[in-house]
Amino acid sequence: MQLATLLIGLISATRLWSGVQALNAQARDSYQRAAATFGGARTAMLVARNGVTFPQQLFVDLRRAGWPVSPVLEGRVQIGGRSLRLLGIEPVTLPAEVGNAPAIGQAGLRSFLTPPGQTLVAPEMLSDLDLKEGASPLASDGTLLPPLHVQPQLVPGVLVVDIGIAQRLLKLPDRISRLLIGTARGERAPLASVVGDQLRLLEPDAESDLERLTDSFHLNLTAFGLLSFVVGLFIVNSAIGLAFEQRLPMLRTLRACGVSARMLNAVLVTELVSLALVAASIGLVCGYLIAASLLPDVAASLRGLYGAQIPGQLTLKREWWIAGIVIAVAGALLASTASLLKAIRLPVLAAAQPYACNRRSTVGSFGRARSRSPCSPPRPSFSGTAIRWFQGLPCSQPCCSARR
């Protein structure tokens with residue numbers, strides 16, 4: 001019974017905590033991928049001071065002045081009633097420091113640049129648009145986009161095309177939204193001497209605006225997971241404490257036979273860690289199933305509240321599994337600390353006495369607790385004396401013997 005309670009407590013604590021952490025990890029990974037998609041907040045860039053597009057000629061002037069910049073045009077298109085983010089890039093000058101942006105190989109570069117071109121999308125976008133790879137989506141204004149090509153590193157809701165195609169789709173000829181800055185290998189002219197006050201420099205930010213907005217949401221999820229984990233540990237603590245009390249006769253026998261307290265605790269810890277590993281494995285599988293079932297609802301909430309695009313398929317890293325096992329073992333050891341300390345501090349002589357650690361205490365006068373020794377004579381029992389009196393049997397209590 002105690003074994004089942006211990007396993008249930010550990011499995012419950014691990015599955016809820018790991019499930020919440022899986023949801024948070026999936027969402028934060030999507031934020032990072034979105035922020036690093038061809039620059040974003042993780043790459044230094046030049047933008048217009050008025051926040052709109054600027055002439056493409058500034059890109060040419062900066063390249064001639066030694067600035068390693070690459071143009072990007074961003075806008076939105078309507079496809080199938082959905083508003084999608086359209087990014088136009090120039091892959092030849094794209095800096096290598098653009099975070100985890102997908103690298104277009106030599107074979108794909110030719111297909112990407114030459115007509116009809118390609119539209120790079122995340123794998124989830126094919127199901128969202130109800131199209132197959134190679135199909136050409138139709139925008140709401142009747143413009144036909146290049147054929148779709150899956151790029152696993154992209155996030156849902158983003159379409160990546162050549163910047164020339166983006167200028168045609170967005171009806172912004174010779175205009176760009178920002179310039180991504182790579183690592184300069186030589187000297188470059190001052191920015192003001194090339195573009196004047198038309199552009200301003202934005203330094204890379206370690207945290208995107210979307211991550212700041214969703215911090216409170218993920219904090220609430222983490223608090224819920226932590227509360228569930230603590231409740232599970234209370235169940236584990238009660239099960240371990242009761243199991244320890246039930247094992248006291250065996251522990252007394254082992255200590256009386258010469259087993260050291262250190263060896264006894266080492267065996268107890270080994271047994272506890274083994275059970276924690278089994279419970280953690282089951283709890284992680286259950287946590288994965290819980291996270292997979294809740295992910296569509298969490299993604300819909302984040303999309304509706306903050307406009308965040310979260311993939312509908314759960315992908316977990318090795319660190320998540322390792323962290324779940326570690327926290328399950330650590331929680332089990334924490335819940336059993338009191339019982340292990342009691343076992344290691346139990347003296348040999350006290351262990352040889354019957355229930356030495358569970359001596360009863362009675363409350364004396366003025367509220368003082370007095371310890372009662374196991375060898376002290378029993379006190380008169382009123383109920384026992386009354387039963388013997390009515391049965392006509394002699395009472396064995398000392399008070400009645402004195403009267404006779």
Side-chain angles (χ1 to χ4, degrees), residues 7-37 40-42 85 99-100 122-124 127-128 153-158 205-237 276-277 279-335:
L7 292 177
I8 290 173
L10 277 177
I11 292 173
S12 301
T14 306
R15 69 172 183 174
L16 294 174
W17 171 260
S18 60
V20 169
Q21 293 305 311
L23 293 174
N24 286 339
Q26 181 76 10
R28 290 194 174 100
D29 182 65
S30 299
Y31 304 154
Q32 294 176 1
R33 288 166 58 192
T37 300
R42 303 295 172 87
R85 180 186 176 194
N100 59 356
E124 296 84 0
S127 59
D128 293 342
Q153 293 88 348
L154 290 176
V155 293
V158 177
D205 194 356
E207 188 177 20
S208 63
D209 295 335
L210 186 59
E211 290 177 300
R212 297 190 188 96
L213 288 174
T214 56
D215 277 345
S216 59
F217 182 86
H218 294 293
L219 180 61
N220 291 332
L221 280 181
T222 304
F224 170 74
L226 182 60
L227 177 61
S228 304
F229 184 76
V230 171
V231 171
L233 288 189
F234 274 114
I235 299 176
V236 175
N237 180 51
L277 291 176
S281 302
I282 301 175
L284 286 174
V285 174
C286 296
Y288 178 85
L289 297 177
I290 291 176
S293 62
L294 294 179
L295 183 60
D297 296 332
V298 174
S301 300
L302 291 173
R303 188 183 304 112
L305 292 174
Y306 310 106
Q309 297 292 333
I310 309 297
Q313 185 177 3
L314 189 63
T315 56
L316 298 175
K317 299 180 180 179
R318 183 185 304 173
E319 291 78 6
W320 178 81
W321 299 94
I322 297 176
I325 293 176
V326 169
I327 196 170
V329 174
L333 293 177
L334 179 63

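Residue indices begin at 1 and follow the sequence shown. Hydrogens, waters and symmetry mates are skipped; everything else that's a heavy atom, side chains included, is used.
Nearest heavy-atom pair across Leu233 and Ala13 is N-CB, 4.4 Å. A pairwise comparison of heavy atoms in Leu10 and Ala276 identifies CD1-CA, 3.8 Å as the closest pair. Ile327 and Gly324 get closest at one heavy-atom pair: CG2-O, 3.2 Å.
Here CD1 of Ile11 is found 11.5 Å from CD1 of Ile235. Values are rounded to the nearest 0.5 Å. Leu284 CG to Leu289 CG: the interatomic distance, rounded to the nearest 0.5 Å, is 11.0 Å.
Considering only residues two or more places apart in sequence or on other chains, Phe224 meets the side chain to side chain contact (heavy atoms under 4.5 Å, CB included) condition with Val20, Ser228.
Sequence neighbours left out, the pairs with a member in residues 8-25 that pass side-chain hydrogen bond (donor to acceptor under 3.5 Å, both in side chains) are Asn24-His218, Asn24-Thr222.
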